[in-house]
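What follows is a set of notes on a single structure, which appears directly below.
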Amino acid sequence: MNRTDRSGLARPPQSPGPPFTADVALLARLEEAVPGGVTGRSSDPLSFAHDASHHLLVPQAVVTSRETGQVAALPATAAAHDLSLTFRSGGTSLSGQATGDGILVDTRRNFRDIEALDDGARARVQPGATARVVNIRLARHGRKLGPDPAGEAACTIGGVVANNSSGMACGTEANTYRTLESAVLVLPSGTVLDTAAPDADDRLRALEPGLHAGLAQLRDRVRGNPASLRTIEKLYSIKNTMGLGVNSFVDHTRPVEILLRLTIGSEGTLAFVTEATFRTVPAHPYAATALLFFPELAAAIGSLPDLVEAGFDTVELLDAASLRVAQRDPRAVPAARAARGHRPGQTARRRCLLVHRRTGPLAHRQLPAGPRRGGVR
């Protein structure tokens with residue numbers, strides 16, 4: 001059957017395109033670098049051609065590495081064939097970071113080790129482990145990761161670091177940038193660097209002298225420019241995961257520490273993180289949620305400083321339209337159903353804030369009812 005366009009006119013069927021053909025020389029060289037890790041099935045590149053985004057890029061080859069040394073051998077192969085090198089783990093990206101038309105490296109299958117350190121105060125994790133599994137492992141210690149992305153059940157540590165994941169509750173103090181302590185990096189040259197080693201900065205200077213000198217030069221340039229310092233302070237005083245974390249030039253002095261922080265959020269463009277060590281945060285056993293009603297938007301926004309000072313983990317704004325949708329939900333709480341505007345049967349311009357706080361046993365008590373300061377109900 002012929003398909004029709006929007007005008008209703010028939011159009012000829014479109015060709016599915018040429019079948020996928022692998023570069024035999026490329027596959028042979030990859031097999032030397034990663035013995036037994038190169039797929040020979042033509043369907044595998046097609047199955048890795050998309051992630052959770054709308055992008056579709058068919059890789060020339062798919063490689064499953066088993067260890068850091070194998071990963072370190074791949075950049076030279078990619079450069080020899082003038083191909084990009086993309087590392088993929090969970091594939092939950094909504095922006096296409098986990099796709100590429102060069103060499104795609106599957107790191108989820110083998111890089112899954114998790115180790116709780118110092119009774120859970122720290123965690124050493126490989127990039128293929130999901131955030132949820134890491135938190136399950138830490139739960140016995142009453143700890144969890146600082147970043148809390150919504151897709152923790154599927155997203156992996158590799159993506160958490162590569163995207164500087166934060167989530168709803170961690171703010172700017174417990175995101176990946178603030179809680180990552182050290183990492184084992186594989187640089188584009190194939191150099192493997194453990195930033196936790198006492199001589200890490202000296203090794204970076206010896207093995208990558210140009211990179212070390214360039215980072216030091218950029219650091220001094222940023223710190224010597226008052227306008228740059230003011231801009232960075234302004235941009236990173238709020239949640240900001242756009243582009244490279246240039247605040248690292250202000251927050252850290254040693255080039256190896258600057259490189260580590262620049263890698264966070266770099267989407268894999270600076271290094272592959274084969275292992276990451278995080279400082280964890282308390283996992284509170286209880287949570288309290290409240291729905292606060294305000295007559296106007298300005299009143300709701302004006303309450304934010306007090307709510308933040310009170311220590312709430314998340315504050316979400318529901319406008320009148322959102323509130324009307326919530327009222328139609330059979331599972332809506334009575335307070336939401338009872339909210340009305342200035343005219344009977346209408347929500348009108350009413351606004352509300354959904355606040356959430358995680359803490360110890362006190363949060364398990366029911367919040368008292370009645371009027372609140374500022375007209376909050």
Next on the checklist: Can you confirm whether more than 12 heavy atoms, excluding those of Asp329, are under 6.0 Å from its CG atom?
Outcome noted: yes

Checklist entry - Are Glu152 and Arg132 close enough for a salt bridge, meaning some N to O gap below 4.0 Å? => result yes

Item to check | Val160 and Leu145, any side-chain heavy atoms less than 4.5 Å apart | outcome: no

Checklist entry - Applying the 4.5 Å side-chain criterion to the ILVMFWY set and letting contacts propagate, would Leu318 and Val308 be lumped into a single cluster? => result no

Item to check | Transitive ILVMFWY side-chain link Val134 to Val184, under 4.5 Å | outcome: no

Checklist entry - Considering all heavy atoms of both residues, which atom of Pro59 and which atom of Leu104 are nearest to each other, and what is their separation? => result CB-CB, 3.9 Å

Next on the checklist: Is it the case that the side chain of Arg29 and the backbone of Ala25 share a donor-acceptor pair, with hydrogens and angles ignored and the cut-off at 3.5 Å?
Outcome noted: no

Checklist entry - Would you say the side chain of Leu26 lies within less than 4.5 Å of the side chain of Thr77, judging by non-hydrogen atoms? => result yes

Next on the checklist: Can a donor-acceptor pair be found, under 3.5 Å and without considering hydrogens, that links the side chain of Asn135 to the backbone of Lys144?
Outcome noted: no

Checklist entry - Closest heavy-atom contact between Leu138 and Ala116? => result CD2-CB, 4.2 Å

Item to check | Inter-residue atom distance Glu67.CD - Thr274.OG1, 0.5 Å rounding | outcome: 9.5 Å

Item to check | Connected via hydrophobic side-chain network under 4.5 Å: Val133 and Val281 | outcome: no

Checklist entry - Under the criterion side chain to side chain contact (heavy atoms under 4.5 Å, CB included), which of Asp113, Thr156, Ile157 is the partner of Val125? => result Ile157

Next on the checklist: As an exercise, state the distance from OG of Ser182 to CG of Asp194, rounded to the nearest 0.5 Å.
Outcome noted: 6.0 Å

Next on the checklist: Looking at Glu233, I'd like to know if its CD atom is crowded, meaning that more than 12 non-hydrogen atoms belonging to other residues, nucleotides or ligands lie closer than 6.0 Å.
Outcome noted: no

Checklist entry - Do the side chains of Val222 and Val246 get nearer than 4.5 Å, heavy atoms only? => result no

Next on the checklist: Looking at Ser166, is its backbone amide N or carbonyl O close enough to the side chain of Asn164 to form a donor-acceptor pair, meaning the two atoms are under 3.5 Å apart?
Outcome noted: no

Checklist entry - Is the count of non-hydrogen atoms from other residues, nucleotides or ligands lying under 6.0 Å from Arg221 atom CZ greater than 12? => result no

Next on the checklist: Angle between ring planes, Phe272 versus Phe111, binned at 30° and 60°: parallel, tilted or perpendicular?
Outcome noted: perpendicular

Item to check | Polar side-chain atom of Asn225 near backbone of Ser228 as donor-acceptor pair, under 3.5 Å | outcome: yes

Checklist entry - Arg66 side chain to Val34 main-chain N or O, any donor-acceptor pair under 3.5 Å? => result no

Checklist entry - When you check the side-chain N and O atoms of Thr280 and Arg143, is any donor under 3.5 Å from an acceptor? => result yes

Item to check | Least distance between heavy atoms, Glu31 atom then Gly36 atom | outcome: OE2-N, 2.6 Å

Checklist entry - OH/Tyr177 to OG/Ser165 distance, rounded to the nearest 0.5 angstrom? => result 16.0 Å

Next on the checklist: Any heavy-atom pair between the side chains of Asn247 and Asn240 that's under 4.5 Å?
Outcome noted: no

Item to check | ILVMFWY network linking Val325 to Leu317, side-chain heavy atoms under 4.5 angstrom | outcome: no

Item to check | Trace of the side chain to side chain contact (heavy atoms under 4.5 Å, CB included) decision for Arg178 with Asp251 | outcome: CA-CA 10 Å; Arg178 297 297 179 187; Asp251 298 337; 3.8 Å; yes

Checklist outcome for this item: Nearest heavy-atom contact between Gly268 and Ala162 is N-CB, 4.1 Å

Checklist entry - Minimum heavy-atom separation for Glu181 to Arg122, with atom names? => result OE2-NH1, 2.7 Å

Next on the checklist: Can a donor-acceptor pair be found, under 3.5 Å and without considering hydrogens, that links the side chain of Thr176 to the backbone of Val161?
Outcome noted: no

Item to check | Approximate separation, where rounding is to 0.5 Å, of Leu270 CG and Leu260 CG | outcome: 11.0 Å

Checklist entry - If you take all heavy atoms of His141 and Arg137, which pair is closest and at what distance? => result CD2-O, 4.0 Å

Checklist entry - Are any of the side-chain heavy atoms of Leu211 and Leu187 separated by less than 4.5 Å? => result yes

Checklist entry - Which distance, rounded to the nearest 0.5 Å, do you find between the OG of Ser266 and the CG of Asn163? => result 9.0 Å

Checklist entry - Taking only residues two or more places apart in sequence or in another chain, which ones pass salt bridge (charged side-chain N to carboxylate O under 4.0 Å, His left out) with Arg254? => result Glu257

Checklist entry - Are any non-hydrogen side-chain atoms of Thr277 and Arg124 less than 4.5 angstrom apart? => result yes

Checklist entry - So with a 6.0 Å cut-off around CD of Gln217, is the heavy-atom count from everything else above 12? => result no

Item to check | side chain to side chain contact (heavy atoms under 4.5 Å, CB included) evaluation trace for Leu193 with Val256 | outcome: CA-CA 9 Å; Leu193 185 69; Val256 70; 3.8 Å; yes

Checklist entry - Where do Leu185 and Val273 land on the side chain to side chain contact (heavy atoms under 4.5 Å, CB included) test, with the steps shown first? => result CA-CA 5 Å; Leu185 307 177; Val273 179; 3.8 Å; yes

Checklist entry - Taking the side chain from Arg219 and the backbone from Thr253, do they hold a donor-acceptor pair closer than 3.5 Å? => result yes

Checklist entry - Is there a path of hydrophobic side-chain contacts, each under 4.5 Å between heavy atoms of I, L, V, M, F, W or Y residues, that connects Val250 with Leu215? => result yes

Checklist entry - What residue pairs, at least two apart or across chains, pass ring-ring contact (aromatic ring centres under 6.0 Å, His included) with a residue in residues 211-253? => result none

Next on the checklist: Between Ser84 and Asp101, is the side chain to side chain contact (heavy atoms under 4.5 Å, CB included) condition met? List the steps.
Outcome noted: CA-CA 7 Å; Ser84 62; Asp101 56 3; 3.9 Å; yes

Item to check | Under 3.5 Å donor-acceptor, Arg109 side chain and Thr64 backbone | outcome: no

Item to check | Flag, side chain of Thr179 to backbone of Gly146, donor-acceptor distance under 3.5 Å | outcome: no

Checklist entry - So, do Leu30 and Leu74 sit near enough that their side-chain heavy atoms are less than 4.5 Å apart? => result yes

Item to check | Sub-4.5 Å side-chain heavy-atom contact between Thr99 and Thr86 | outcome: no

Item to check | Approximate separation, where rounding is to 0.5 Å, of Arg279 CZ and Leu117 CG | outcome: 13.0 Å

